[in-house]
Amino acid sequence: MSKKQDAPELRRTLQARHLSMIAIGGSIGTGLFLASGATISSAGAGGALLAYALVGLMVYFLMTSLGEMAAFMPVSGSFQAYGSRFVDPAFGFAQGWNYWYNWAITVAVELAAAAIIMNYWYPGIPGVVWSGGFLAIIFALNYFSVKGFGEAEFWCSMLKVATIIAFIVIGFLMILGIMTEPNPNRIAPGLNVMMQGDGAFVGGLAAFVGVAMVVGFSFQGTELIGVAAGESANPGRTIPRAVRQIFWRILMFYMLSILIIGLILPHNDPSLLKNDMKDVGASPFTLVFNRAGLAFAASLMNAVILSAILSAGNSGMYASTRMLYAMAKNGMAPKVFGKLTDNGVPRNALYATTLVACLCFLTSLFQSNAVYMWLLNSSGMTGFIAWLGVAISHYRFRRAYVKQGYSLDDLPYKAKWFPLGPVFAFVLCLLIMLGQNYTAFTAAKVDWNGVIATYLGIPLFVALWWGYRVKHNTRMVPLDKVELAEAHRNALMLREETRGGKPASAQA
């Protein structure tokens, strides 16, 4: 490749432990610590568990699809590159901007949630103060080298993992009666709690579909290993390892946490979070600790939740910044965003992403809970669109790979269950996206604000796709014309270097 030797490049300094914890850091945040209460309140504990299991299966297939492509062609901003190369340049263009917007908005979601958490302790201080302070911290963590970001995310995620494990242990102690409920008037933890009110499943199909979108938002972040692939050492080895590790860990954390909450807090408990996010600072995790009689632990838990939220926002800032950089390098965003500092940080892309993250300040200008839910719905839809793109790209990639005569044994990581995996993920993604707020159209009066907040991402994606397609006269890439030769050579070279004990060389 014709590039000056002294030109700054992204640094391949992220190890497998960094990739695993970056994905965990991005996916364990407000979705689990805050929105989990709303899922149980809306669909019941059984409905929430079913939603997490079904969406979790979909995410498993998506992770294996992404792992196959990212290990074969590890580039920063993977979704945009895969969409452009394997489907259509216009599709990749729309995917890139959608994913950048997804995570930039997610940063705003996390900052808004952090401000509401702080309101739990300091109700007299405006939320804009907390949002601004936390935004400055996240900006600083992304301003320096990627290795510093990776280390910070690793240790923050370790704190989250340790806290969730402690929560699970204490929850089971309560359920088993070893740690008792201090209020004797409440129902003892167990199946009787889960069956209170309308039982384990409430709200019907409408509630289940709505909860599935929130659950999808909770799992978003697992795909961050694809974004970080361009800065990972030995991607042919570290990416498959990260794919195998992180999904089952995250699914276990979510399923066990939801089960414990459902066995201790009934869905009709007035303290449990409702869809309007009233008193969002008292998350289900904090409420469980309160019921265990650990008042000090409850305050500590809120602090951990705060660190988890900031960690997820930190991962979001990283992801959106790298995506914008990758698009600029591919000519799909202004060139100024493709510039790197000497230590390999795309700071111009960081500045632009930070401006979008300032949407969190809207929570101080308007009713904070309503803005929080609007941002949550908006980012949830764009995240599902990104996953849809992963399924399409992988299906096209594998078909092109086989059609051009390459051996599946040469793939650093081979996704199981192809083509069932990407097809199942595509269908379920599409159903959840389209059915997310269908009740708005069946009501006597259509809630257009809710409809716009929920579905705005779809027409924007289509407009970007077809606008680029018309302007640049692009078409779907024929399978036998998909460019795979260079990536295949690089994959074989990296595999040989890894076997020989050498560090994988950086890709320009």
Side-chain angles (χ1 to χ4, degrees), residues 55 58-59 62 65-66 69 77-109 209 212-213 216-217 219-221 223-224 226-227 316 319-320 322-324 326-328 330-334 337 352-353 356 359 374-397 422 425-438 440 448 450-477:
V55 176
M58 178 188 74
V59 172
L62 288 171
S65 293
L66 182 58
M69 293 186 292
S78 57
F79 306 103
Q80 181 272 321
Y82 302 152
S84 295
R85 182 172 297 199
F86 305 143
V87 185
D88 174 12
F91 184 78
F93 173 82
Q95 271 288 91
W97 281 107
N98 172 78
Y99 196 72
W100 172 76
Y101 173 78
N102 169 43
W103 272 109
I105 287 293
T106 299
V107 175
V109 170
V209 173
M213 177 63 79
F217 173 79
F219 276 108
Q220 286 173 28
E223 78 286 343
L224 281 171
V227 179
S320 51
R322 266 42 180 194
M323 181 59 71
L324 189 55
M327 288 191 295
N330 292 329
M332 295 183 174
F337 298 130
T353 303
V356 176
L359 286 173
W374 199 95
L375 292 175
L376 183 68
N377 289 335
S378 176
S379 61
M381 182 62 76
T382 53
F384 270 95
I385 292 173
W387 284 352
L388 210 63
V390 170
I392 295 172
S393 296
H394 179 233
Y395 183 80
R396 294 266 308 167
F397 161 72
F426 175 86
V427 172
L428 188 58
C429 258
L430 194 62
L431 289 175
I432 294 175
M433 285 168 55
L434 297 180
Q436 162 61 16
N437 198 17
Y438 76 90
W448 289 109
V451 169
I452 293 173
T454 303
Y455 294 106
L456 181 61
I458 297 178
L460 285 179
F461 178 83
V462 173
L464 287 170
W465 183 3
W466 284 93
Y468 189 93
R469 194 174 193 186
V470 170
K471 181 179 180 180
H472 297 276
N473 195 30
T474 66
R475 293 293 182 268
M476 186 169 291
V477 182

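Nothing fancy with the numbering, it's 1 onward along the sequence. None of the values given here were measured: they were computed from a predicted structure.
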Are side-chain heavy atoms of Trp387 and Val59 found at a separation under 4.5 Å?
yes
Taking C-beta and beyond as the side chain, do Ser393 and Leu66 meet within less than 4.5 Å on heavy atoms?
no
Side-chain donor/acceptor of Asn98 to backbone N/O of Ala94, under 3.5 Å
no
Is any side-chain heavy atom of Gln95 less than 4.5 Å from a side-chain heavy atom of Phe461?
yes
What heavy-atom pair brings Ala212 and Ile432 nearest, and what distance separates the two atoms?
CB-CD1, 3.9 Å
So do Leu388 and Phe426 actually touch side chain to side chain, heavy atoms under 4.5 Å?
yes
Over 60° means perpendicular and under 30° means parallel, so classify the ring planes of Phe86 and Phe397, tilted if in between.
tilted
Quick one: are Thr353 and Met323 in side-chain contact, heavy atoms under 4.5 Å?
no
Rounded to the nearest 0.5 Å, what separates atom OG in Ser84 from atom OH in Tyr468?
7.0 Å
Looking at Pro89 and Val477, what are the two nearest heavy atoms and their distance?
CD-CG2, 4.2 Å
Give the C-alpha distance, both sets of side-chain angles, the deciding distance and a yes or no for side-chain contact (heavy atoms from CB on, under 4.5 Å) between Phe93 and Thr474.
CA-CA 11 Å; Phe93 173 82; Thr474 66; over 6 Å; no
Test side chain to side chain contact (heavy atoms under 4.5 Å, CB included) applied to Ile458 - qualifying residues, sequence neighbours left out
Met381, Ile385, Met433, Leu434, Tyr455
Rounded at 0.5 Å granularity, tell me how far CG in Leu464 sits from CE in Met332.
11.5 Å
Drop me the distance from Met69's CE to Arg396's CZ, to the nearest 0.5 angstrom.
12.5 Å
Which pairs pass salt bridge (charged side-chain N to carboxylate O under 4.0 Å, His left out) with one or both residues in residues 455-470, sequence neighbours excluded?
Asp88-Arg469
Go through the steps to decide whether Met58 and Phe219 satisfy the test side-chain contact (heavy atoms from CB on, under 4.5 Å), and finish with yes or no.
CA-CA 10 Å; Met58 178 188 74; Phe219 276 108; over 6 Å; no
Drop me the distance from Gln80's CD to Tyr99's OH, to the nearest 0.5 angstrom.
13.0 Å
Rounded to the nearest 0.5 Å, the CZ atom of Phe384 sits from the CG atom of Asn102 at a distance of 11.0 Å
Looking only at non-hydrogen atoms, find the nearest pair between Pro422 and Ala391 and report the distance.
O-CB, 3.5 Å
We want to know whether Tyr101 and Trp97 form a side-chain donor-acceptor pair, criterion being a heavy-atom distance below 3.5 angstrom.
no
